[in-house]
Engineer: 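For reference, the structure I am asking about is given below.
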Amino acid sequence: MNDPIVSVRNLSKTYMQGKIPVHALRDVSFDVDKGEFLSIVGPSGSGKSTFLSMIGLLDKPTTGSVFIDGIEVTKATDSDAPRIRREKIGFVFQHFNLIPTLSALENVDLAMRFARVSKAKRRERAVELLTQMGLFDRMNHKPSELSGGEQQRVAIARAMANHPAIILADEPTGEVDTKTRDMIVELLHGLSENGQTILIVTHDTAVSARTKRIIRMLDGMIESDTKVEGY
Amino acid sequence: MFDIIFRNITQRKLRTGLTVFGIALGIFAVIVMGGMSEHFNQTFDRSISLTADKIRVFPEIGFGGGNLNESKAREVKRVPGVADAYGLLQAALDPESLGFFGGDVVIGVEPEKFPSLLKDTKLSEGRFLTVGDGYRTVLGSSVAREFNLKAGDEMQIKSKRMQRTSSITHARNFTVVGVMEYTGSFFDNGVLIPLNIAQKFYNRGDTVSFILAVPDPNVDAEDLSKRIELNVENIKTFSPEQLRKQIEQSLIVFTLITISAAVLAAIIGGLSVMNTMLMSVSERTKEFGLMKALGAQTRDILYMTMGEAAIMGVLGGICGIIGGGALVYYLNDFLASKGTVLFSVTPRLLVIALVFSILLGVLSGLYPAYRAAKMSPMEALRYE
């Protein structure tokens, strides 16, 4: 059996709200295998987004560890974190978070600039990804000229630019209509079929229902971890 | 990354324009005030270098107030180590107005002392004064330009003489026999006439304003200066070094005033950059958070934000230099027709202004850039 691509061990996060401690995550542990397409669901405040931030090195846990590709990323120093984010993680956000002054192509290109990829290779990869996302004709358009679905596809292309070990998507369909939602979920599903590991945080049961594994969270803990059969 | 920096600057045209204008004003002030300071420094340097080998001898009671008899020149000349000594009589060309900047001066000098006084200064036309010349004059380049005079023209010179309680103004035409080339020294504003004519015209008897003592070769001017004071009564001397120090002291005050005004203006320009960059960083909080999530390092964000500030600094610097240079050029052209020049835009000043503008941009961008670079990506992404 292959080693898991992501391992979470006894992860806890406690915030102080004034003098009152808030336990956002309590002793969470699980593994994610390569190519898995899983969703984390749960009500607001259940700790889903906090959990995603810990894996994405956007925040540090109070206790516990996260391993990506065998590297304990929770021990990364501030200077190591950008490299790990570049090499191991791709983010897709609810609000797309594209840079409004840059075209679709440049938004995808930007992720590779920080990885010091040469200009020619950056362009080649960005065109390849945007073509894969069905945006070949739209790559020179700015975000304001693109529909919500198109923007989210640009964001997915950007997340994949540096060949990450895992794509972390935080409510990726939260801002789009149902038709676009279905198209985005299909797209992510197709990527996972090709071996890309994808972890989605969502409220939408229609989205989670189409993933291969559903982790349900409640009050900072894993309530259930279900493999969806036959998808 | 430069293309992104450039795009960020050009995306916000009005704001960038106002910031660049703020810096440009500061650098404009640096060029104008610095140009003035440079000109004064250059003029004093050139003037001193023309007479650096000579010791000045003044009457003991003051530079202009006392009378120094011409015979003192002979006494000075007798002091061992003095090769030559001669008196000069100095008076304002226009007795009614004593301008602060480069007023024209009539200098009475024995014609045979011209080579010693003016060293290798050449004439642009005509000839120098010769022994036996009467009401003849050789003009400095600025005076000739101011009054539009050439060799052969007549120039009216006025003298004011006190008679009992009233003063009477005399006027007399002098024939211009020569015009000197531009020297960049006080001599450009000089009207040189024979000493005996000057003494007569200004009713000064046998007196002179001061004496120049030329030391023998290999004689230390400082020592000789002290020896002259010991050997000749009722005089005081200024060695070239003392004179340089005194002029430098007064120049330092002038330079400090002009540079302070310029630096103040430039700092205000710098604050405008800081304000713009802080606003820009605040507006783009989410963008920086995103870049960090995409793997941008602190130095990438620093490079981007400080690059923007530095480019605005350079643009402001270039605009300020062009604007300041243009003003100085036209002012100099205008003032030259009035017989004076006030500014010198030297290569050194240009380099200082450009470096200053870049530093101003970079330093003003430092704090906003630091704030942007230190943002937690998590908080930045949540920022609304």
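Proteins get letters first, then strands, A, B, ... in listed order; numbering begins at 1 in each. What you see below is based on every heavy atom in this structure, not just the backbone, and it leaves out hydrogens, waters and symmetry mates. Predicted model only: the values in this text are computed from it and were never measured.
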Engineer: What do you reckon, is CZ of B:Arg15 surrounded by more than 12 foreign heavy atoms closer than 6.0 Å?
Structural biologist: yes

Engineer: Looking at B:Ala296 and A:Pro82, what are the two nearest heavy atoms and their distance?
Structural biologist: O-CB, 3.7 Å

Engineer: Crowded around B:Tyr370 OH? As in, over 12 foreign heavy atoms under 6.0 Å?
Structural biologist: no

Engineer: Measure distances from A:Pro164 to the heavy atoms of chain B and classify the residue's part below 4.5 Å as side chain, backbone, both or neither.
Structural biologist: neither

Engineer: Count the heavy atoms of every other residue, nucleotide or ligand shown that sit under 6.0 Å from CZ of A:Phe67, and state whether that count exceeds 12.
Structural biologist: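 Buried by this count: over 12 neighbours within 6.0 Å.
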
Engineer: Only pairs of heavy atoms separated by less than 4.5 Å count here; which of A:Met112, A:Arg83, A:Arg158 has the most with chain B?
Structural biologist: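 Ranked by contacts with chain B, first place is A:Arg158.
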
Engineer: Got a sec: does the CZ of A:Phe136 have more than 12 other heavy atoms crowding it under 6.0 Å?
Structural biologist: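 No, the 6.0 Å shell around CZ holds no more than 12 heavy atoms from other groups.
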
Engineer: For A:Tyr15, is the OH atom crowded, meaning more than 12 foreign heavy atoms sit under 6.0 Å from it?
Structural biologist: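 Yes.
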
Engineer: Which heavy-atom pair separates A:Asn97 from B:Lys286 by the least distance, and what is that distance?
Structural biologist: OD1-CE, 3.6 Å

Engineer: Can you find a pair of side-chain heavy atoms, one from B:Ile4 and one from A:Ile99, that are under 4.5 Å apart?
Structural biologist: no

Engineer: Is the closest basic N to carboxylate O distance between B:Asp3 and A:Arg113 below 4.0 Å?
Structural biologist: yes

Engineer: Any donor and acceptor pair, going by atom type alone, linking the side chain of A:Arg85 with main-chain N or O of B:Lys292 inside 3.5 Å?
Structural biologist: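 Checking the backbone N and O of B:Lys292 against the side chain of A:Arg85, a donor-acceptor pair under 3.5 Å is found.
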
Engineer: In terms of heavy-atom proximity below 4.5 Å to chain B, should A:Glu87 be classed as side chain, backbone, both, or neither?
Structural biologist: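 When you check distances to chain B, no heavy atom of A:Glu87 falls under 4.5 Å.
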
Engineer: Does the side chain of B:Glu287 come within less than 4.5 Å of A:Pro100's, by heavy atoms?
Structural biologist: yes

Engineer: Under 6.0 Å from the CG atom of A:Asp219, do we count more than 12 heavy atoms belonging to anything else shown?
Structural biologist: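 For A:Asp219, atom CG is not crowded (no more than 12 foreign heavy atoms under 6.0 Å).
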
Engineer: Verify the neighbour count for atom CZ of B:Arg7: are there more than 12 heavy atoms of other residues, nucleotides or ligands below 6.0 Å?
Structural biologist: yes

Engineer: For chain B, which candidate among A:Phe114, A:Phe91, A:Phe93 shows the most heavy-atom pairs at distances under 4.5 Å?
Structural biologist: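 Counting heavy-atom pairs under 4.5 Å, the top option is A:Phe114.
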
Engineer: Tell me if the CG atom of A:Asp78 is crowded by more than 12 foreign heavy atoms within 6.0 Å.
Structural biologist: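 Check fails, neighbour count at 12 or below.
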
Engineer: When rounded to the nearest 0.5 angstrom, what is the spacing between CG in B:Leu290 and CZ in A:Phe96?
Structural biologist: 13.5 Å

